[in-house]
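Written out below as structure tokens is the structure these notes cover.
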Amino acid sequence: MAQIQELPAILADQIAAGEVIERPASVVKELVENAIDAHSRRIDVLVKEAGLAEIRVIDDGAGIPADQVPLAFRRHATSKITSKREFRVTTMGFRGEALPSIASVADLTMVTAVAGADGYQYHVRGGEVLAQGVASARPGTDVTVSQLFYNTPARLKYLKSPQTELSQIVDMVYRLALGNPTVAISLTNNGKELFRSAGNGNLQQVIAAIYGVKVARKMVAIEGQDDDFTIHGYVSLPELTRAGRKYQTLLINHRYVRNFNLTKALIEGYGSKLMVGRYPFAVIDINLDPLLVDVNVHPAKREVRLSKEAQLGQLLTTTIQARLAQENLIPDVGEKTGQLLAGSAAAEVPPVVQEQAAAYQEPAAPLEAQALPPAPAQPSKPTAQAVAPIIIHQVSELQSPLVQEFDARYQGEGDKPPFPTTMPMSTSAVAPAPKAEQGTLPIDDTSSAQRFPTLRYIGQLQGTFLLAQASDGLYIVDQHAAQERINYERFRREIGEVSADQQSFLTPLILNYSVAEALKINRHLATLAGAGLHLSPFGQNSFMVASHPTWLIEGQEEDTIREMVDWVLADGRLSIADFRAKTAIMMSCKRAIKANHHLADREAVALLAALPDCENPFNCPHGRPVLIHLTDRDLEKLFKRIQESHEPFAGEFDDHEF
């Protein structure tokens, strides 16, 4: 029988290092977090060959006294906590494992000094001390790590390509900078600087340094608070999304963490404003009492356990909902359209013409528009079933007698629209939002404009889109998405107001499931009953349904009930409000007008009149945009009515021999 014996300290450190130090990015994370805990104001990260050759972290923090440097390399030696009673973790690190773990699998040299004292150098390789002594150093700490995993070939073989490892380091530095905007952090690889934050405490500037100024301009600040939690940060407008969640940063007391439930709460804050499969940018810092969070789940400290997690998720959702409700969410596509048109034109014209046309891409100043006389009044047609389109050449013509007559005739009390509407259209116009200069932050594009514009119907395009105008330009409305939104909010209200009455089946519905699914359903019978669905055990793995709620769609009762049960199997929880909202989405889509359906002019006018009455008129329930916007300036740029000044060709070619 094998004898039980205590492992040597070096071997124990190498085994423990497998959990703490997984790749070069882990080294960067641990060293930068130590520097942050030392109250550094500036941290420089320098790597060679994506950290595979060398990692160096320099800070201007408090430093380590010379007599305590050897102790810092012993496992579970830390200055962050001293007893169990003080286990209120307010620092990035607390386990005392980073330095000994790194030193056990690499060659590490530390030079550190405190203010007013000599520096100290400590050189460790594979857990063995090679040299130590007094050294010349400024206040702070300088740690150099080389030959990472030289004595653990299995872990070394696990590493990916230099490009992959560098991307992991960059991502880690980004998260640390977002969580600590008051610290100036820089990253340099092979002598080339990849990132630098200002360290002035402006989180939006850090976002701009990472994702770019255009992204930062499309993010809005959020703030929320209750008795236990305080939330602040930035989230993107629904028009700015990506296909993955990697652009979302959740911070707990400035520590980057991964938490599925909080991520889900973030997405729920957008509701139907997001397209399916699209995810927003977000940087959210959550401050709470350290007693409410357990950061000691894993040595890497990426996962945490939260008390009152459901309460925090609800606060996050409502905070984002309230903030986005203040925004005009109509996409402005003028710049994108101009780029597309410029790209298609460039493929058809010679290079010389492309160079000459380049001057038009960024106009210097708008031209003075010449006033055009109002269009002559058209004789009215005897029939009242169609509305004659009105062509408007400029904003001043909106006050013409023809437009006023149009409003009086087709938007007055005498003509009842065929679509239900309870709120008249607003009479104020949307002012164009001021465009901030490129590269300037913070971005405070505040505007006193109304949330939704007053739309005047122009015509229909290809039986699918409605063209409308307002005082600030052209709007293109997706008729299916618009009526789907109107229907959804009406159905959601009607479904929510019905009673809990039941309708009996002529023949009871029998549902069969596997053993595992049946056990789970048995645990949630009360939940299903709260949604109006009463299941009775019918055999070992079967359930009988004798009646159903009266608000279910006729002819779709069985499919809807099966969907309700599947939802409980997937999520483990179900509420009547959530499921009725989902049912309203399904009903609104099936009963909305489809593409290639030509509307009468009065129907189109009524549809546009009902749209402002919606709580969210910007997106259909599936997240698709209802309308897009082309400003007057966008249209003038597309038609080259706004140009940069340029020299005429006459003076250059007049003297040519031909």
Side-chain angles (χ1 to χ4, degrees), residues 204 207-208 211-224 231-250 262-284 313 316-337 430 433 443-447 449-453 455 465 472 475-478 480-486 488-489 492 581-582 584-585 588-589 592 611-631:
Q204 196 174 19
I207 295 173
Y211 301 122
V213 174
K214 289 185 178 180
V215 170
R217 292 186 188 279
K218 291 185 180 294
M219 299 186 73
V220 294
I222 63 169
E223 291 186 1
I231 296 174
H232 71 275
Y234 286 85
V235 296
S236 66
L237 297 173
E239 64 184 89
L240 178 64
T241 59
R242 292 294 185 268
R245 294 184 176 91
K246 67 178 182 178
Y247 298 95
Q248 300 172 6
T249 301
L250 291 176
L262 292 184
T263 301
K264 184 177 179 181
L266 189 159
I267 301 299
E268 289 178 351
Y270 282 80
S272 61
K273 298 180 177 67
L274 285 179
M275 286 283 291
V276 176
R278 304 294 295 182
Y279 301 93
F281 285 76
V283 180
I284 300 174
L316 180 58
T317 297
T318 55
T319 299
I320 295 175
Q321 287 175 343
R323 182 63 183 87
L324 293 179
Q326 305 171 16
E327 294 296 320
N328 184 324
L329 303 179
I330 303 174
D332 187 351
V333 298
E335 181 179 354
K336 296 180 180 179
T337 305
V430 174
I443 304 102
D444 292 325
D445 290 341
T446 57
S447 174
Q450 69 180 58
R451 187 165 176 258
F452 195 82
L455 300 179
F465 303 102
D472 62 339
Y475 288 82
I476 304 175
V477 182
D478 184 330
H480 173 77
Q483 195 182 40
E484 191 177 6
R485 165 53 63 176
I486 295 171
Y488 166 69
E489 298 201 1
R492 184 183 61 182
K582 186 175 181 180
I585 292 176
S588 63
C589 183
L611 194 57
D613 193 27
C614 296
E615 179 182 345
N616 171 26
F618 308 109
N619 307 90
C620 78
H622 303 95
R624 295 190 298 108
V626 169
L627 71 170
I628 59 176
H629 181 206
L630 280 165
T631 65

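- When all heavy atoms of V626 and N619 are compared, the closest pair comes out as CG2-C, 3.5 Å.
- Applying the ring-ring contact (aromatic ring centres under 6.0 Å, His included) criterion to Y270, with sequence neighbours excluded, gives no partner residue.
- Among residues two or more places apart in sequence or in another chain, the salt bridge (charged side-chain N to carboxylate O under 4.0 Å, His left out) test is passed with E223 by none.
- Just one of R485, Q483, R624 meets the side-chain hydrogen bond (donor to acceptor under 3.5 Å, both in side chains) condition when paired with D478; it is R624.
- Atoms CD1 and OG1, on I207 and T249 in that order, are 8.5 Å from each other to the nearest 0.5 Å.
- In this structure, P280 and I267 have side chains that are in contact, with non-hydrogen atoms separated by less than 4.5 Å.
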### Query
Checking side chain to side chain contact (heavy atoms under 4.5 Å, CB included) for the pair D613/E615: CA distance, chi angles, key distance, verdict?
CA-CA 7 Å; D613 193 27; E615 179 182 345; over 6 Å; no
### Message
Please evaluate residues T241 and M275 with respect to the criterion side chain to side chain contact (heavy atoms under 4.5 Å, CB included), reporting the C-alpha separation (whole Å), side-chain torsions for both, the decisive distance (0.1 Å), and the verdict.
### Response
CA-CA 9 Å; T241 59; M275 286 283 291; over 6 Å; no
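- Proximity of a side-chain donor or acceptor of Q204 to a complementary backbone N or O of A216 within less than 3.5 Å is detected.
- Here the side chain of T317 pairs a donor or acceptor atom with the backbone of A265 at under 3.5 angstrom.
- Minimum heavy-atom separation, E484 to C620: OE1-CB, 3.8 Å.
- With contacts defined as side-chain heavy-atom distances shorter than 4.5 Å, the pair L262/I284 does not qualify.
- Applying the salt bridge (Lys or Arg N to Asp or Glu O under 4.0 Å) test to every pair with at least one member in residues 316-325, sequence neighbours left out, gives these pairs: R323-E327.
- Between V477 and A482, the shortest heavy-atom contact is CG1-CB, 3.9 Å.
- Note: I222 CD1 to I231 CD1 = 6.5 Å, rounded to the nearest 0.5 Å.
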### Task
Starting from the C-alpha separation in whole Å, work towards a yes-or-no answer on side chain to side chain contact (heavy atoms under 4.5 Å, CB included) for D472 and H629.
CA-CA 9 Å; D472 62 339; H629 181 206; 3.1 Å; yes
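- A search for ring-ring contact (aromatic ring centres under 6.0 Å, His included) contacts involving F281 returns Y211, Y247, not counting sequence neighbours.
- Contacts of P617 classified as side-chain contact (heavy atoms from CB on, under 4.5 Å), with partners at least two apart in sequence or in another chain: R451, F452, L611, C614.
- Residues Y279 and G244 share a closest heavy-atom pair of CB-O, 3.5 Å.
- Closest approach of A282 to V235, counting heavy atoms only: CB-CG1, 4.1 Å.
- What you find for L316 and L266 is that their closest heavy atoms are CD2-N, 4.0 Å.
- For N616, there are no side-chain hydrogen bond (donor to acceptor under 3.5 Å, both in side chains) partners at least two apart in sequence or on another chain.
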